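One structure is given below, encoded as structure tokens.
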Amino acid sequence: MHSFFSRLNTLFAFTLTVLAVLTIGVFFSTFFEKYQDTVAIGVNKPIVKHMTDFSANRKKNDLGVLQLNLDMNLDHLFDWNVKQLFLYLVAEYMTPTNSLNQVVLWDKIIRRGENARFNLHDIATKYYFWDDGEHLKSNNVTLTLGWNIISNAGRLIHVRANGSTSFVFPDNYATSRSASSKSSGQE
Amino acid sequence: MELFSFVDDLKRMDKRQAIYQILNFGMIISTALMIWKGLMVVTGSESPIVVVLSGSMEPAFFRGDLLLLTNYQEEPIRAGDIVVFRIEGRDIPIVHRVIKVHEKDDGYVKFLTKGDNNQVDDRGLYSPGQLWLEKKDVIGRARGFLPYIGMVTILMNDHPQLKYLVLALLGFFVLIHREN
């Protein structure tokens with residue numbers, strides 16, 4: 001019981017046990033947290049273009065182009081078990097061919113310690129808003145902001161914020177290039 | 001030397017002891033297997049615990065982190081979900097986030113994924129000609145997260161000698177150990 005190896009063995013086993021118990025404790029400490037909040041989303045100048053989607057089926061699909069306003073203050077979501085917030089803005093709509101469509105237009109990673117307050121105005125969407133088909137004209141689209149809570153150890157939960165907005169795309173295709181708004185994204 | 005006292009124990013072991021040791025060993029193996037299969041049933045996933053293998057989801061998940069998955073068919077796949085999937089024909093599971101979902105009335109869903117730390121979506125990773133993923137490609141959705149623990153698996157896969165050494169040592173000590 002007192003040899004060097006048995007001491008080392010006991011120490012090692014004890015450390016592992018304590019670490020395991022602590023990790024499980026951290027896991028359950030925020031098990032029932034809701035992480036809910038309200039945000040403000042605005043949409044400017046939505047238009048629809050009809051172009052060839054080279055990133056997908058190489059056919060002519062509808063491309064939605066719009067500008068976003070996002071106002072939120074998410075500082076209070078960072079409790080002691082939150083390592084990172086992954087924000088994503090989802091556009092949800094229906095078409096005759098697909099009963100449910102969801103496209104992520106914008107996302108952001110906020111790490112612990114970074115600023116979680118945003119007042120973004122007239123920003124371009126980060127990703128292209130391609131429809132799987134040609135049914136964006138006159139379509140009623142709902143924009144919702146969601147976040148994924150990444151803990152130090154714990155549940156990975158997805159929360160949809162209160163404060164979603166809807167808008168309707170115009171009836172006709174836009175032909176001018178002046179409303180194109182791309183900075184980075186898919187090739 | 002105290003280290004080699006087990007050699008004396010070995011000599012003293014009779015047939016009954018030996019059978020007991022072997023049964024003990026068998027019990028441990030079956031219990032581990034039962035727990036694993038039980039987890040598979042409860043979560044509905046063929047691989048309920050996965051280790052993150054790449055850095056494509058940083059800074060959320062790093063190489064070596066552990067993910068707990070569920071694969072309940074009643075819960076639909078939605079944009080923002082973190083899914084673990086396999087490309088047809090390849091064994092490596094990939095952990096990425098769903099960025100597009102298109103679902104039809106009859107329940108057929110197709111979706112596109114992208115790693116948080118990647119600039120482009122996963123179409124370059126899919127099979128040639130494949131543009132979307134389907135439900136059948138998904139192993140599960142990540143529901144829980146534990147940091148660093150999977151590093152052991154990664155080390156053992158990168159250095160297979162380590163794996164054999166650990167297994168041999170474990171087997172050896174279980175067979176030899178006697179309650180004093």
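In this text the structure is predicted, and so the values were computed from the model without any measurement. Chain naming here is simple, since letters A, B, ... match the order of the sequence lines and numbering starts at 1 in each.
Annotation: cation-pi pair A:R160/A:W147 absent, no NZ/CZ under 6.0 Å from the ring centroid and within 45° of its normal.
For A:F129, no part lies near chain B; criterion is any non-hydrogen pair under 4.5 Å. For B:I82, the parts lying near chain A are the backbone and the side chain together; criterion is any non-hydrogen pair under 4.5 Å. Both the backbone and the side chain of A:R155 come within less than 4.5 Å of a heavy atom of chain B. Contacts of A:V103 with chain B are made by both backbone and side-chain atoms, with heavy-atom separations under 4.5 Å. Both the backbone and the side chain of B:D81 have a heavy atom closer than 4.5 Å to some heavy atom of chain A. At a 4.5 Å heavy-atom cutoff, B:R141 makes no contact with chain A through either its backbone or its side chain.
When each of A:G133, A:A56, A:G146, A:A91 is checked for heavy-atom pairs under 4.5 Å with chain B, A:A56 comes out on top. The greatest number of non-hydrogen atom pairs below 4.5 Å with chain B, out of A:T97, A:L100, A:N57, A:V104, is found for A:L100. Ranked by heavy-atom pairs shorter than 4.5 Å toward chain B, the options A:N98, A:T23, A:D107, A:D131 are led by A:N98. In terms of heavy-atom pairs under 4.5 angstrom with chain B, the leader among A:I157, A:V90, A:N152 is A:N152.
Ionic pairing of A:E114 and A:K108 is not present here: no N-O contact between side-chain nitrogen and carboxylate oxygen is shorter than 4.0 angstrom. Between B:K110 and A:D132 there is a salt bridge, with a side-chain nitrogen of the basic residue lying less than 4.0 Å from a carboxylate oxygen of the acidic one.
Environment of CZ in B:R16: sparse, with no more than 12 heavy atoms of neighbouring residues, nucleotides or ligands closer than 6.0 Å. Remark: A:K59 NZ is loosely packed, at most 12 non-hydrogen atoms of other residues, nucleotides or ligands lying under 6.0 Å away.
Remark: side-chain polar atoms of B:K100 are not paired, donor with acceptor, to backbone N or O of B:L112 under 3.5 angstrom. The closest donor-acceptor contact from the side chain of B:T70 to the backbone of B:S45 lies at 3.5 Å or more, if one exists at all.
Annotation: residues 145-156 of chain B contacts chain A through B:F145, B:L146, B:P147 [non-hydrogen atoms, separation under 4.5 Å].
Residues A:L156 and B:L67 have side chains in contact (heavy-atom distance under 4.5 Å, counting atoms from C-beta outward).
The six-membered or imidazole ring of B:F85 lies away from that of B:F111, with a centre-to-centre distance of 6.0 Å or more. Aromatic ring centres of A:F12 and A:F14 lie farther apart than the 6.0 Å criterion allows.
Classification of the A:F169-A:F167 ring pair by plane angle, with boundaries at 30° and 60°, yields perpendicular.
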